[in-house]
Every structure is written in structure tokens, then in C-alpha cells.
Amino acid sequence: MNQSLTLLELNRFVREVVKNNFPDTYWVRAETSDVRRNANGHCYLEFIEKDPVTQNIVARARGVIWANTFRLLESYFQSQTGTAFTSGMGVLVRVSVEFHEQYGYSLTVVDIDPSFTIGEMARNRMLVIRRLEEEGVLRLNKELPIPDVCNRIAVISSATAAGYGDFLHQLASNPFGLIFYTKLFPAAMQGENSEASIIAALEKIYENRDMFDAVAIIRGGGATSELNCFDSYPVATNCAQFPLPIVTGIGHERDVTVLDMVAHTSVKTPTAVAEFFIDHQAESLARITDLQQRLVSIARQAISRENSELALLSKDVYHHSIAFLSKQNSEIGNVVFMLRAYSQKQLDTLRQEHKEQVVRFRNAVEHVIRSEKHRIENAEQYFEMVSPKNVLKRGYTITVQNGKIVTSATSLVENECIETIFSDGKATSEIKNIEKWKI
Amino acid sequence: MTYSQARKELEEIVRSIESGELDVDKLTEKVKHAGELIAFCKEKLTKADEDLQRMLDEIA
């Protein structure tokens, strides 16, 4: 039991051993974690090292940067790297190794090499970018079309950020009278929670994605510029695969973040994001206005062309009508002339025919008269010839008995007297014999 | 009808009129329709839709 030590004795011993064995300061590569400042301006943190494959923590040490050192290092680090000294960074720090009886093992930072962090950040960005590329998502958001009407904008920002106010003001005061609808999805844009907070906001927007045309991720006006979350793989892969185009304005001066690389469009400030949307909508409006002007001008041209064609046409109609009428006139004249000539001819023919008919009629009448006259003359001759006087002269006689002409022998009686008349006298004779003939 | 459809139709009309293939009756009809499309498109870009903003505000 005499061999035993008190804890303090042991820790003093360890402290001495450490002090003797680590007399210098040493450059150490590590990742920062749980970085915090206390009221006195001292910075407390954890240094960790992760297995590059499994990402499991394989080493850990408490660290401290005393206020007088931290004031100098902090501003130097930020000016060189463009980002605040914070958790999750790969750093190269010069430390002294301490062992304190009460607080144990810790590293006291006396210097920092920002170029290592710059390299680390770049390397980290490269790794994230390469991973996104391998997964085929790096350019997905860039390939999304910005719709013609892009005025429903989901905004991821801190509600109190000055940049958010600038953004809204810029949209509202656009000179084209364009309308924008915005909805804020608040997120912490810096600090430990920023990564989870941004992803949560994206998820919320995703649930309501049909109600938006685009997403704006903006940040500005804050004092510190901590950009780690914008280089993180989870944020980047969420943004890259987001179904709406994302426009970033996260207000930093150094090289682009991974988020800027995967976003559809990346501009410097929230105001510039607003300008981007305004320009896009103004372009849509200009296209419509252009179509309108083209329409008005061609419609006007078409109408005036139609008008002049109409004028030509009406001139044509006039001329054609005149020509037509005069042609008709002369045709009618011709017809009249022809008709007159034809009528005359007809008339002449009729007259001629009439004349001929008259002649024919006269001839016929004369012929009739002549032949009638001839017939009458014949008849006269005949009658002359057959008159009893002439008949008696030619030897014929007329037999009369008792004053009556006897034409048959049957009526005669023997011994009676009959008178025989001649043309120039008569004789009375007694009938001696009657001989009757059969006829 | 969506804005894109309206704009596409509008472009189609302007093209067909510019090609001069329409007669006056069709032209008048088309110009009238184009006017309606223009008004529709401009409204989408410049006229505030309070219902829409309210719906966005209501997203929890």
C-alpha cells in the first residue's frame, strides 16, 4: 500500500512526463468540432480525426485557444479562408501539449495555417463534387427549365436576415409591374444546425412543390460568414436533385460553394436573386409584348393591303363593268341591227310571197273564170244543139194526141188521129196500124 | 389553359399571320383571339392573385 499514489500525485507525475517529453510546439492536422467561445474570449473546441473510409472518430483531444491568441488568429484565418473559424473544418494548428491535473489532456493552439484549411475545404469540395458527379446528380438542377411564368418562389432564409428584406423589397418594387408570390421557409443559415435546417426547409417545399415555380436560397447581412453547410454533401445532393430550379444568393466573397455549383443559378446577393427573377419575368412579358406588337403591325399591314387590293378590285370592277356594258351594248346593237335586217328580209319575203300569191290567185281566178266561160259556152252550144227547134230541124218530130206528147206506142189506139209537129208546121194523121216492140 | 399553351398558340397565330396565308375573315378572327391570349398572358405576369398568395401563406 505504501506504493500507492493519490490521483493528484499521479496526474502531477503524468504532467511532468508530458512536459518533459513534449517540450516543443507541434503542427497537427485535425478536424475541429464543438467550437465555442466563452465570455472572456477564449475559444474551446474539440480536435478530432475520422477514419477516411468509415468516418468513425479514431482520435480526439480537447483544445483551447486563449483569448489573446484567438483574437489575432480568428481575423487572420477569416481573411485568408473567407470563412469563420468554426466546427467541421480541417485545420493545421501548432499546439503545445498540456496535461492538467484537474482537466486532463488538452492542446493549446498557438498558431494556425489557413492555407491548409483552404486546401482542405477545396479538397472537401472536390470530393463532394466528385461524388455528386459519380452519382450523376451534379447538373440535374441546372438542367431544369425555368418556366415562362416563374413567380411563385419558395424562399429559404433566416426570417430576420436583412438580405431577406432586401429580396422582398426588390421583388415588390420591380419597375415592370410584375407580380411575385413568396413563401418563407425559415432556416438557420449558419451554426451547427444550418445543414439540417436547410434540408428540412427543402423537404417542406418538396411537399408543396406543385405550388412553386422556383426556390431561392438566400443569406446576407449576418456578421460571420460561415459557409461549411453550403459545401456539405447532404445539402448539395438535396439541392441537386430538387425538382424545382434553385437560385442561390448566399453572399460570400470567396470561391463558389458546392451549393452554388449544383444550384440552377448562383448569384452573389439576395438582391441579385430578386433581379434574376425579375429579369426572367420581364423577358416573358417582353416576349408577349413583342408578339403583340408584331400582331398589331402585321394586322395593320394586312388590313391596309386588303384595303388597297379592295381599291384595285373596285377599280377593276368599274372598268370591267364599263367594258362589259359597252360590249353588251354593241352586242345588243348588233342584235338589233341583225334583227332589223332579218325582219326586213322576212318582210320582203312575205311581200314577195304575197305578191306571188296575188298573181297566183289572180291567175287561178282568171283560169276558173275562163274555164267557166268556156263551160257556159259549151253548155250554150249544147243547149242550142239540143233545143227542140234544132232537134226538129234535124228531122226529129213530136207526136201529140189529145194535146199530150206521146212517147210510147202502147198509149196509141188504131183509127184515132195524132198530130205530128215539125219545125216549120204540123200534120194530122190517122193511125192505121200499131206495131209494138219489146224493149 | 396554361400560360405556355397560350403563348405557344399566340406565337402560332402571329407566325401564320406573318406568313400571309390567312384571308381577311380568318385574320380578323385570329387577331381577336390573339388579343384574348395576350391579355391572358399579361394577366398571369402582372395581375395579383390574392387567392394564390393566401394559399401560400396557409402552408404550415
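First the proteins, then the strands, lettered A, B, ... as listed; each starts at 1.
By the neighbour-count criterion of 12 heavy atoms within 6.0 Å, atom CZ of A:R209 is densely surrounded, having more than that number from other residues, nucleotides or ligands. Within a 6.0 Å radius of CD in B:E50, other residues, nucleotides and ligands contribute 12 heavy atoms or fewer. The environment of B:M55 atom CE is sparse: at most 12 non-hydrogen atoms of other residues, nucleotides or ligands sit within 6.0 angstrom.
No donor-acceptor distance shorter than 3.5 angstrom exists from the side chain of A:D290 to the backbone of A:A286, with no hydrogens or angles considered.
Proximity to chain A (any heavy atom under 4.5 Å) is shown, for B:K30, by neither the backbone nor the side chain. Residue contact with chain A, scored on non-hydrogen atoms closer than 4.5 Å, involves the backbone and the side chain of B:I59 alike.
Checked by atom type, the side-chain pair A:S297/A:Q293 shows no donor-acceptor distance below 3.5 Å. Remark: the A:D260 side chain and the A:T257 side chain contain an N/O donor-acceptor pair separated by less than 3.5 Å. No side-chain donor from either of A:D166 and A:Q170 sits under 3.5 Å from a side-chain acceptor of the other.
In terms of heavy-atom pairs under 4.5 Å with chain A, the best-connected choice from B:T46, B:D57, B:L27 is B:T46. Counting heavy-atom pairs under 4.5 Å between each of B:V31, B:I17, B:D49 and chain A puts B:D49 at the top.
In this view, B:A34 and A:L295, B:L10, B:I13 satisfy the side chain to side chain contact (heavy atoms under 4.5 Å, CB included) rule, not counting sequence neighbours. In terms of the salt bridge (Lys or Arg N to Asp or Glu O under 4.0 Å) criterion, residue partners of A:D213 (sequence neighbours excluded) are, by chain and number, A:R152.
Between the NZ atom of B:K44 and the OG atom of A:S284 there is a distance of 13.0 Å, given to the nearest 0.5 Å.
By a heavy-atom distance cut of under 4.5 Å, A:F176, A:G177, A:L178, A:I179, A:F180, A:Y181, A:T182 are the residues of residues 174-182 of chain A near chain B, going up by number. Residues of residues 270-281 of chain A lying under 4.5 angstrom from chain B, judged on non-hydrogen atoms, are A:Q281 in numerical order.
A ring-ring contact (aromatic ring centres under 6.0 Å, His included) with A:F212 holds for exactly one of A:Y206, A:F242, A:F185; it is A:F185.
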